[in-house]
Amino acid sequence: MSAICGWVGDLASPSETLEAMLAAVSYRGNASDRFLGDGIALGYRFFAERPHRSSAIEQGPHGLCACAGTLAPAQATDSPARLLAERLHAQSHASQVSSALTDLDGAFAAAVWNASTRRLHLIRDPFGVRSLYYLQARGVLYFGSELKQLLAIPGLDLALDFSALHKYLTFSFVPGEAVPIRGVRRVLPGHVLSYDPQAEHLQVAPYFALVEALPEAAADDNERQVEAVRRLRRLGREAVARRLSGESEVGLYLSGGLDSSAVGYWLHECGARVRTLSLDFGEHSVEREQAAEVAKSLGLDFELIRVGGAEVGAVFDDLVYRLDLPFGDAVTGPQYLLGQAAHKAGLQVIFNGEGGDQLFGGWTSKPMIAAALFSGIVREASPEELCLQSYHRFYGREEELYTPEFQAQLGGPGQRRALLSPYLGSPQVGSFLNRVRLADIALKGSQNILPRAERMCSAWGLDIRTPLFDRRLAEFSFAIPPHLKLHGACEKYVFKLAMQGRLPEDIVWRPKSGMSVPITDWVQGPLQPLIDELLSPASLSRRGLFRPDYVERLRQGQDEPGETRRRRIGEKLWALAMLEAWLRRFYDRRGTPPDAPAGASR
């Protein structure tokens, strides 16, 4: 929860602009703080009286700091803004700021104004739980925790970034710095942006990067395995403990898989009082019984949240609004309804198990590794090509889906591969498995899984805690030999060994099944009227992006000839419908809110 906003530069109506930016995220708190000065404005929206987070904008002799979120360990300070201000008051350039943040962890977005150098620093947490956008317009640098805050700026001209839309249709989220509104950019996770308003100069530098640090080959591989298991258990428990702030009760989204179950175990070991919430898709449920088994084995309160297509359809407009960017994975609807249930239960903090696949060689590694092994025999394909295909949306189908007008706006080739190359070809990571993991963390983890989870929690006044995306734990994961992550066909091998004897055996060693949202049944059932309206020929014609004949084939249940997985139809239709709904809300209506469902936090 909480949000920041502001700008550097001179405005004709600063009070009106700052109030509009704060009002755009009113649901992110019950109190606001403001600072308006000579060429600088800061706004901070927050929930008063929540522990270990800033209760105001920090104002000191060296400048200002507004910080949304918490640091880890949470107990290190009652004011993250004060801690950051004290660390950075003597730093002026992005590289200097980066060197002062080498141990920083948590979930936060911060703006630091150095009064002596008159420079602004924007900082985003290492893995991108919190978001931070910025925009340069008419000699002013604006920033905000959400896109809708920038869209609230009076007189701002809007235009679409078609290249960002193109990337969304491949990944089912918008990767990289750009967003679908031209000119708006994001500070990437683990980066700091420094701005000199006098020169109107931006400088961006990383303060966090994962580097492979594999140990030398040991004569006794078993000894190395035992040590890896021991360290994983210790670091996992510490990652959970570092994110507890003395709450009387916390929630846990428990899927029944290994990752969230491990977080539940460590919460229990830390002595936290835990209420677990699990999704129930009725006859389509996959891990419902396993979630109940884990909760019972740990003695945790357990609640099933029934979710179907009708329930998702009822909250769809507000879902799109709270997501802030288009996210094309159908899990967002169930996540929104989990947040609603947690809010009704009186919870303020939610833990989840996201990150296990990314750190420890989860199931998405196997097809990439297999394809790489056989690419020289069966076909020639670069790692970037293999990765793009693995997202299973519209990569390679652009000629069938895109109108000529849309294709003409896309610019040169290679934009999507360029997003992957720094990770899949990283000189700091030698093994192919760890390069795949690095790309998965930097893109799917930091630019999809984490921000969408945070927004679905913020919709209901909840703070999200993601202990597996912990800086120390992640750095350790890149010091684990690859064969202890993907051990033959067994994914997350070292993680399974670490939880053996602590969780039920069938939870630890059974193959991963995933969330398995029954989206195809929903879009061909209770969500069909919504899909039909958003993707009707008239709607597609007005937007001018997609060929109606291809979309109509999907609506009739016809996918590619070689695609045997029925769920892909629903995934593709949901991704297209989400994009059209997002364009209506954020481009056509400039991010104005819909009527909220009863009980929603505003």
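Residues V263 and L254 have side chains not in contact (no heavy-atom distance under 4.5 Å, counting atoms from C-beta outward). Counting only heavy atoms from C-beta outward, the side chains of H166 and R416 approach each other to under 4.5 Å. Proximity of F406 to L165: side-chain heavy atoms (C-beta onward) are separated by under 4.5 Å at one or more points. Side-chain contact check for F327 versus V174: every heavy-atom pair is 4.5 Å or farther apart. Side-chain contact between L545 and L540 is absent, with no heavy atoms from C-beta onward closer than 4.5 Å. In this structure, D532 and R555 have side chains that are in contact, with non-hydrogen atoms separated by less than 4.5 Å. Residues I464 and V349 fail the side-chain proximity criterion, which asks for heavy atoms closer than 4.5 Å. Between L337 and W460 there is no side-chain heavy-atom pair separated by less than 4.5 Å.
Comment: D357 does not engage K444 in a salt bridge, judged by the lack of any side-chain N to carboxylate O separation of less than 4.0 angstrom. With respect to D280 and R288, a salt bridge is recorded, a charged nitrogen being found less than 4.0 Å from a carboxylate O.
R510 is linked by a salt bridge (charged side-chain N to carboxylate O under 4.0 Å, His left out) to E287, counting only residues two or more places apart in sequence or in another chain. The side chain to side chain donor-acceptor pair (under 3.5 Å) search around Y133 returns D324, R455, not counting sequence neighbours. For the side chain to side chain contact (heavy atoms under 4.5 Å, CB included) test, residues two or more places apart in sequence or in another chain that qualify with A577 are I531, L534, L535. Partners of E400 by side chain to side chain donor-acceptor pair (under 3.5 Å), not counting sequence neighbours, listed by chain and number: R397, R553. A20 meets the side chain to side chain contact (heavy atoms under 4.5 Å, CB included) test with A152; sequence neighbours excluded. Listed by chain and residue number, nothing satisfies the side chain to side chain donor-acceptor pair (under 3.5 Å) test with R186 (two or more places apart in sequence, or in another chain). Scanning for side chain to side chain contact (heavy atoms under 4.5 Å, CB included) contacts around A159 gives R182, with sequence neighbours left out. Checked against side chain to side chain donor-acceptor pair (under 3.5 Å), N434 has the following partners two or more places apart in sequence or in another chain: E212, S431, K485. Looking at residues two or more places apart in sequence or on another chain, you find a salt bridge (charged side-chain N to carboxylate O under 4.0 Å, His left out) between D521 and R566.
Aromatic rings of F171 and Y391 (six-membered ring for Trp) have centroids within the 6.0 Å cut-off, being under it. Less than 6.0 angstrom separates the ring centroid of F127 from the ring centroid of F469. The ring of F208 has its center no closer than 6.0 angstrom to the ring center of H191.
Rounding to the nearest 0.5 Å gives a distance of 6.0 Å between CD of Q407 and CZ of R547. In this structure, OG in S458 is found 9.5 Å from CG in D463, a value given to the nearest 0.5 Å.
For the pair R322 and Y27, the distance from NZ or CZ to the six-membered ring centre is under 6.0 Å and the angle to the ring normal is within 45 degrees.
Looking only at distances, no side-chain donor or acceptor of S446 sits under 3.5 Å from a matching main-chain atom of P189. Checking side-chain atoms of S426 against main-chain N and O of Y423 turns up no donor-acceptor pair under 3.5 Å. Panel note: side chain D125, backbone R130; a donor-acceptor pair is recorded below 3.5 Å.
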Given the rule in the ring-ring contact (aromatic ring centres under 6.0 Å, His included) test, do W574 and F316 qualify, once you have shown the distances and angles that lead to the verdict? CA-CA 11 Å; W574 177 268; F316 182 77; 5.6 Å; yes

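In this structure, a donor-acceptor pair under 3.5 Å is absent between the side chains of Q409 and E405.
Applying the side-chain hydrogen bond (donor to acceptor under 3.5 Å, both in side chains) test to every pair with at least one member in residues 575-587, sequence neighbours left out, gives these pairs: E533-R584, S539-R584, R543-E580, E580-R584. Within the structure, the salt bridge (Lys or Arg N to Asp or Glu O under 4.0 Å) test picks out no pair touching residues 157-174 (sequence neighbours left out). Applying the salt bridge (Lys or Arg N to Asp or Glu O under 4.0 Å) rule to pairs touching residues 326-337 yields D329-R452, sequence neighbours excluded.
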